[in-house]
Amino acid sequence: MRPLTEEETKVMFEKLSKYIGENIKLLVDRPDGTYCFRLHQDRVYYMSEKILKLATNFSRDKLISVGTCFGKFTKTTKFRLHVTALDFLAPYAKFKVWVKPGAEQSFLYGNHVLKSGLGRITENTMQYQGVVVYSMADVPLGFGVAAKSTQECRRVDPMSIVVFHQADVGEFIRNEDTLT
Amino acid sequence: MRTSGCCPRPGSTLPCFSGFARGELSVQKMAASSVEELLAKAEQEEAEKLKSITVQKELDLDFDLGNLLACDKNRIETRDFREQKKEDFLRSLARDNTQLLINEIWKLPTERVEEVIVAKLPEPTTRLPREKPPLKPRPPTKWEQFAKLKGIQKKKKTNLVWDETAKEWKRRWGYKRANDDTKEWLIEVPETADPNEDQFAKRVKAKKERVAKNEFNRLKNIARAQKVKTPGVGLVPKAQQSRNELAKAVSVAKVSTASVGRFQDDLPKEKPPKNSGKRRKFDPLIGDFSSEKQKQLDLLKTMGSKKPRLDITKAVNQQMREEDKEEAAAKRRKGGGKRGRKGNMTGKGKAGKAGGGGKAGKAGGGGKRRGKPGKK
């Protein structure tokens, strides 16, 4: 486990800012304690200072997870968000998409959101903007990337993709063995 | 050697104890009996020490005297094992088997060497696994690799060669070799060579260099075989150094000071050496949290500032939306004249007009659309 280097931090923040914009500040600077990002086996974990100090008691190969896993760095040093980060993305999300109850299941099975399943979408959403996907009951289901801007969404036919799937809470079951 | 059996067993003296309280006679008797008893006990102990050298076994043991090994294939009676004390049972079993092994050794031809009886053991028959793993084949040298690639095969040369001057067969290499050029007393000076150059010294020098080069290659092969990283050779003497080699030489020379080049000034316009080792250095795991936080916040600030002020897509979208709204509003009002005026105000220049033209086609869905913006 180690702190992220400047470059790694930048790459990760750039990815996070696609979803929560400048709200990353609220994750870095929290009034309820010191929280930090740590890299462990290519994965970035977000944890409080207290947990970090406890985790130092474990050797590197024995430590599987600590705090919340935000995602991982690929071998090409890109950052990939995991669904475990949803708890921190959902409250600060700038752009949201609500899916209709009928399309919820399809999204939770890892499919893209089609226009027919789109309930609501935040105004001003640009194309390729990171969005958090909610059910109509405001339960965060996952996140993705807007395939069309809000304007375009209104015009496209019902079978075209509106949000590209990136992660959904169904992964907690599907990828149970790899999620940490 | 065995002398047991000449004394009465302790069992026979036991009745004496019954007359314990019958008076003097009985006391005398008792004294005598106790002596007998003691003797008997001693006898028995003696006998136990010198147990028989014959051991009865249902199945004969397998012997491998070369390894001093005996294998007992007889079943162990679990009942015996449980009834007796386990330790005692195992000890007696081991004792018996050892006795058998020693009996077998005594059957071998023996001789006396310096007051000691020595038996010659036969060859071992049990194959034991080797202690260490078998050696790996030596990794090929650079030349062997090259030869394999090119298909060059070793040719056996005869050891003896005909020496024309000495008129006899001589060894090809080494001391007293045939056609030995070091023994020449005269060397012709080549036409192109400098007449003042010592041709003998030149030959000796060339030979020394060849030996040194060979030695260097040998060491490189060893290093490669053991996967040891050899330090880069900074300066190999060469007739003509290339640009890269010169740059390398400079960088090597620079760090070849007592302080590893720490106080060495850069030359004007000198570039940093390429491919120099770079050390990864990370912050401590539990360091200064506040400075870490500050660094991240600073990073966020710079990241935010770099974003373009005017996002073109966003601006276009906004423009489109405004136009949509106005269009819808105009429709509701159904005002012909007003509509024209509005169009002039909003449509800034040609682009606005062109956009307006495009919109006319899409206007059919306007009614549907109007509901959605309200939902947000």
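Residue numbers start from 1 in every chain, and the chains themselves are labelled A, B, ... in the order their sequence lines are given, proteins ahead of strands.
With chain B as partner, the option from A:Glu14, A:Arg38, A:Gln127, A:Met1 having the largest number of non-hydrogen pairs under 4.5 angstrom is A:Arg38. Ranked by heavy-atom pairs under 4.5 Å with chain B, the first of A:Glu6, A:Met126, A:Glu152 is A:Met126.
Residue-environment remark: CZ (A:Phe58) stays at or below the threshold of 12 foreign heavy atoms within 6.0 Å. Other residues, nucleotides and ligands contribute only 12 or fewer heavy atoms inside 6.0 Å of the CD atom of B:Glu87. Counting non-hydrogen atoms of other residues, nucleotides and ligands closer than 6.0 Å to CG of B:Leu128 gives a total above 12. Heavy-atom contacts from other residues, nucleotides or ligands closer than 6.0 Å to CZ of A:Arg60 number 12 or fewer. Within 6.0 Å of NZ on B:Lys142 lie no more than 12 heavy atoms contributed by other residues, nucleotides or ligands. Other residues, nucleotides and ligands place no more than 12 heavy atoms under 6.0 Å from the OH atom of A:Tyr128. Within a 6.0 Å sphere centred on OH of A:Tyr109, other residues, nucleotides and ligands contribute 12 heavy atoms or fewer. For A:Arg80, the CZ atom is loosely surrounded, since the number of other residues' heavy atoms within 6.0 Å does not exceed 12.
One finds a salt bridge joining A:Asp29 and B:Lys293 here, because a Lys/Arg side-chain nitrogen approaches an Asp/Glu carboxylate oxygen to under 4.0 Å. For the pair A:Glu123 and B:Arg321, the salt-bridge criterion is met [side-chain N within less than 4.0 Å of a carboxylate O]. Between B:Lys301 and A:Glu22 there is no salt bridge, since no side-chain nitrogen of the basic residue lies less than 4.0 Å from a carboxylate oxygen of the acidic one. Between A:Arg155 and B:Asp324 there is a salt bridge, with a side-chain nitrogen of the basic residue lying less than 4.0 Å from a carboxylate oxygen of the acidic one.
If you measure heavy-atom distances from B:Gln296 to chain A, the contacts under 4.5 Å come from both the backbone and the side chain. For A:Lys96, no part lies under 4.5 angstrom from a heavy atom of chain B. With a 4.5 angstrom heavy-atom cutoff, A:Tyr35 does not touch chain B via any of its atoms. Both the backbone and the side chain of A:Thr9 come within contact range of chain B, with heavy atoms under 4.5 Å apart. Heavy-atom distances place no part of B:Lys281 under 4.5 Å from chain A, backbone and side chain included.
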Could you go through the side-chain contact (heavy atoms from CB on, under 4.5 Å) check for B:Leu285 and A:Thr56 one step at a time?
CA-CA 9 Å; B:Leu285 177 59; A:Thr56 53; 3.5 Å; yes
Report the C-alpha distance between A:Asn124 and B:Asn317 in whole Å, list the side-chain angles of each, state the deciding distance to 0.1 Å, and finish with yes or no for side-chain contact (heavy atoms from CB on, under 4.5 Å).
CA-CA 8 Å; A:Asn124 286 345; B:Asn317 278 343; 6.0 Å; no
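Taking each heavy atom of B:Asp283 and A:Pro3 in turn, the nearest pair found is O-CD, 3.3 Å.
Separating the CD atom in B:Glu292 from the OG1 atom in A:Thr34 is a distance of 10.0 Å, to the nearest 0.5 Å. To the nearest 0.5 Å, the span separating CG on B:Leu300 from CZ on A:Phe13 amounts to 5.0 Å.
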